[in-house]
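Reviewing the structure listed below.
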Amino acid sequence: MATFQTLPGFREFYPEDFARRNHIFRLWRQTAGAFGFAEYDAPVLEPLELYKAKSGDEIEAQLFSFTDKGGRDVALRPEMTPTVCRLVGAKANALKRPIKWFSIAEFYRYERMQKGRGRCFNQFNADIFGEPGPEAEIELVALLVQCLCAFGLTEQDFYVRLSDRNLWFYYLEALGLDEPRIRGVLGAVDKYEKYGDDAFTGYTEQFGAIDGAIKAKILAFLQIKSLAALERELAAFSGEKLSARLADWKKLLRGLDAMGLTRFVEVDLGVVRGLAYYTGFVFEAFDRKGELRALAGGGRYDDLVQKLGGPALPAVGFAIGDMTFALLLEERGLMPKFVQAPDVYCVIGGEAERLAAFGDIHALRAAGFRVEYPMKELAFGKQFKAAAESGAKLALIYGADELAKGVVKFRDLTERSERDLPRDQVVATVRDFLAGA
RNA sequence: GCGGUCAUAGCUCAGUUGGUUAGAGCACAAGAUUGUGAAUCUUGGGGUCGCGGGUUCGAGUCCCGUUGGCCGCCCCA
C-alpha cells in the first residue's frame, strides 16, 4: 500500500481514464465550435472575495480557500461564472456582441463526496453576454441538448426542464405578495417536489400561515407543464409584465420547436434552482430515469456582471459537469473502449537490424505515423504476438535476410499477407496503405 | 457538519469457533519457442491483511481509535 494517498475527493486519470475524459472534452469542444462559441480559460486560483461577492460569505465553507504567502485570501475556483463575468466585464465595450464563449475547466469544492460529486471535477461552461431576449436561451438550450446528443444520448435518456424566475416573481406579485414573501415562496417551490407540503414550513415560520387561496394558486402554477396551460392560467391576469413574459415564453418554445428540440424540453415551473442570482429563465438537464444528480444547469443572470464591477450586461449560461455525465454514458453503454493502437509495429531481428530499423522508424514518426517496436531483443514469435496485440494494422519486419537484400518485409496484419519492400519505399508505401485502409 | 457501510496482491475475491510460513482467478513477467499471431503448459515477481493501540500464549479474524472508499442526509454555484 502506498504511503501517500490522493487527497479525499480528488481523482487520478490513468491512461484509460484520461482517454475517456478526452473523448468527452473533444466532443464538447467540437459541439461548442459548431455553435460558434469561442474557448477561453482563466486562473484556477482566484481572490476569495470574487466568490463571496457573488454568493455571500457562507460560500467560504464550501471552498478550498487559504491565505497565500502575500497575505491574500484566495480560493481554488468552485465555478466559472464569476470569472467569466470579470473577463467579459473588463473588455465589454470592445467585444463584438453577442459574446458567445465556452470553457472546459477543472473546479474545486470542499464538499463531501457522493455519487456524481467529488471535490474536484470538470465542467463545460457556455455563456452568452449582451443578448437580453430569449434568443440567447434558444441558442444555449440547443447547445446543451447537442452537447449530450453528440455522445449518442437521445430523448429517451435525458430531458431539459425549463422554468422562469421572472414569471414566478410577476405571478406572485400579481397575487399580492411583497418581495420577501415572494422569495420565501420560491424557496418552498424549489423544495416542493421533494418535501410536498412540508416545503412551506420555512415560509410559515417566517411570515405566518400562507393564505389558503393563494397557496392553491401557487400549487396549481407549480403543476403547469405546457405553454397552453400557462396561457390559460395567465388569461385571468392583466398587466404588461406578465404578458411580455408570456411572449418571451412563446418565442423561446417556438424557437426550440423549430430546431426540432421539443422532444427534449419540458416546461416545469417546479424548477427554481437554489441560488438567488438567476433573474429569468432557468433550465436543468436530468436523466430520464431520475437516478442521477442533475446533468447540467443554467439560466439567466442579468445583474451579475454589474454586481462584480463590470457594466450592466445581460447574460445567460449553463454548465455540464463531467462526473454525472460520465456515469450516464457508462450506464447507457455509450462510453467507447479506447485502445491506443499504433499504425505500424516493427519486428526487429537483433541488435544490428535494430540500428537499421531506427532510421525508418524515425522517418515514419516524423511523417506523422504512430510507430512502435520492442525495446528489448525478443524472439520473433513474441514480437508477432505483440504486434497483433498492439492493434497495429501492419508490421514491418527487419530481419537479417531482408536487410541483406535491401528490403524489409511488409506484413498486413489483418490479411496476414506479406511482401518484400525496398528500403527506400517504406514511408511512401506505409502512407498509401494507411490512406487506403 | 451528520448517518450507514466497507477496507486482505495491480483487479475481483476466499481465508473455518482466534492457531504453523496468508491463498485463488485474472493481470504482469520469464521459459517451453534463434523467423510469423490473442492458445496451452511450466515458472516467477508482487502483501508490514489501510494505519495505530488494546485483549490474548497467539490477531487478517475480537475490542477501541483513526484514515480512506462507497452510499445517503444537509448543501449543491
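Residue numbers start from 1 in every chain, and the chains themselves are labelled A, B, ... in the order their sequence lines are given, proteins ahead of strands.
- Across the protein-nucleic acid pair, Glu58(A) atom CD and C76(B) atom P stand 10 Å apart, rounded to whole Å.
- Atom CZ of Arg86(A) is separated from atom P of A77(B) by 21 Å (rounded to the nearest Å).
- Nucleotides G50(B) and U16(B) have their P atoms positioned 15 Å apart, rounded to a whole Å.
- Spacing of C1' atoms, U61(B) relative to U17(B), comes out at 11 Å, to the nearest Å.
- When heavy atoms are screened at a 4.0 angstrom cut-off, Pro8(A) is found touching the sugar-phosphate backbone but no base atom.
- Distance Leu413(A) CG to G37(B) P: 12 Å, rounded to the nearest Å.
- With respect to Glu418(A) and Arg411(A), a salt bridge is recorded, a charged nitrogen being found less than 4.0 Å from a carboxylate O.
- Nucleotide G10(B) holds its P atom 14 Å from the CD atom of Glu12(A), rounded to whole Å.
- At a cut-off of 3.5 angstrom, counting only N and O atoms as typed in the model, there is no donor on one side facing an acceptor on the other between the side-chain of Arg112(A) and the base of C75(B).
- Taking the P atom of each, C49(B) and G31(B) are spaced 33 Å apart, rounded to whole Å.
- Taking the six-membered ring for Trp and thresholds of 30 and 60 degrees, Phe207(A) and Tyr203(A) have ring planes inclined between 30 and 60 degrees apart.
- Using atom P as the reference point in both C6(B) and G54(B), the two lie 25 Å apart (nearest Å).
- Glu60(A) CD to Tyr51(A) OH: the interatomic distance, rounded to the nearest 0.5 Å, is 13.0 Å.
- Nucleic acid contact class of Gln123(A) (heavy atoms, under 4.0 Å, all strands): none.
- Few gaps surround OH on Tyr40(A); more than 12 heavy atoms of other groups in view lie less than 6.0 Å from it.
- Of the candidates A77(B), C76(B), G37(B), the closest approach to any side-chain atom of Lys194(A) belongs to C76(B).
- Listed candidates were A77(B), G72(B), G35(B). Nearest to the side chain of Glu402(A) is G35(B).
- For a distance-only test at 3.5 Å, the side chain of Arg293(A) qualifies as a donor-acceptor partner of the base of C76(B).
- Residues Leu186(A) and Trp168(A) meet the side-chain proximity criterion, which asks for heavy atoms closer than 4.5 Å.
- For the C1' atoms, the distance from A14(B) to G52(B) is 27 Å, rounded to whole Å.
- Within 4.0 Å of Gly298(A), counting heavy atoms only, lies no atom of the nucleic acid at all.
- Look at CD on Glu16(A): it is 12 Å from P on C11(B), rounded to the nearest Å.
- When distances run from any side-chain atom of Gln62(A) to the nucleotides G72(B), A77(B), G69(B), the shortest one goes to A77(B).
- Judged by atom type and distance alone, Glu418(A) does not reach the base of G35(B) through any side-chain donor-acceptor pair under 3.5 Å.
- You'll find that the side chain of Phe380(A) is closest to G35(B), out of C70(B), G35(B), G37(B).
- The cationic atom of Arg165(A) (NZ for Lys, CZ for Arg) does not lie both less than 6.0 Å from the six-membered ring centre of Tyr278(A) and within 45° of the ring axis.
- One side chain, Tyr398(A) or Asp360(A), offers a donor N or O that lies under 3.5 Å from an acceptor on the other.
- Counting heavy atoms from C-beta outward, Phe281(A) and Val141(A) have side chains that stay 4.5 Å or more apart.
- The phosphate of A39(B) (OP1 or OP2) has a side-chain N or O of Lys385(A) nearer than 4.0 angstrom.
- Judged by distance alone, with hydrogens and angles left aside, Gln383(A) brings no side-chain donor or acceptor close enough to the base of U36(B) to form a pair under 3.5 Å.
- Put simply, the side chain of Arg117(A) and the base of C75(B) share a donor and an acceptor less than 3.5 Å apart.
- Remark: Arg97(A) engages no residue in a salt bridge (Lys or Arg N to Asp or Glu O under 4.0 Å) (not counting sequence neighbours).
- Each of Glu291(A) and Ile397(A) lies near RNA chain B, and the nucleotide nearest Ile397(A) is the one positioned closer to the 5' end.
- With hydrogens and angles ignored, a donor-acceptor pair under 3.5 angstrom links the side chain of Arg411(A) to the base of U36(B).
- For Asp73(A), the side-chain hydrogen bond (donor to acceptor under 3.5 Å, both in side chains) partners two or more places apart in sequence, or in a different chain, are Thr67(A).
- Spacing of C1' atoms, U21(B) relative to U66(B), comes out at 31 Å, to the nearest Å.
- Annotation: A24(B) and G44(B) have their P atoms spaced 11 Å apart (nearest Å).
- For Gln114(A) and C70(B), the shortest distance from a side-chain N or O to OP1 or OP2 is not below 4.0 Å.
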Secondary-structure string, 5' to 3', Watson-Crick or G-U under 3.5 Å, | for another-strand partners, for RNA chain B
(((((((..((((.....[...)))).(((((.......))))).....(((((..]....))))))))))))....

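- For the pair Glu389(A) CD and A29(B) P, the interatomic distance rounds to 9 Å; values are reported in whole Å.
- Taking atom OH on Tyr345(A) and atom P on G35(B), their separation rounds to 16 Å, with Å as the unit.
- Taking atom P on both nucleotides, U12(B) is separated from G69(B) by 16 Å, rounded to a whole Å.
- For Tyr14(A) and G10(B), the OH to C1' distance is 9 Å, given to the nearest whole Å.
- Counting any heavy atom pair closer than 4.0 Å across all strands shown, Ala294(A) reaches no nucleic acid atom.
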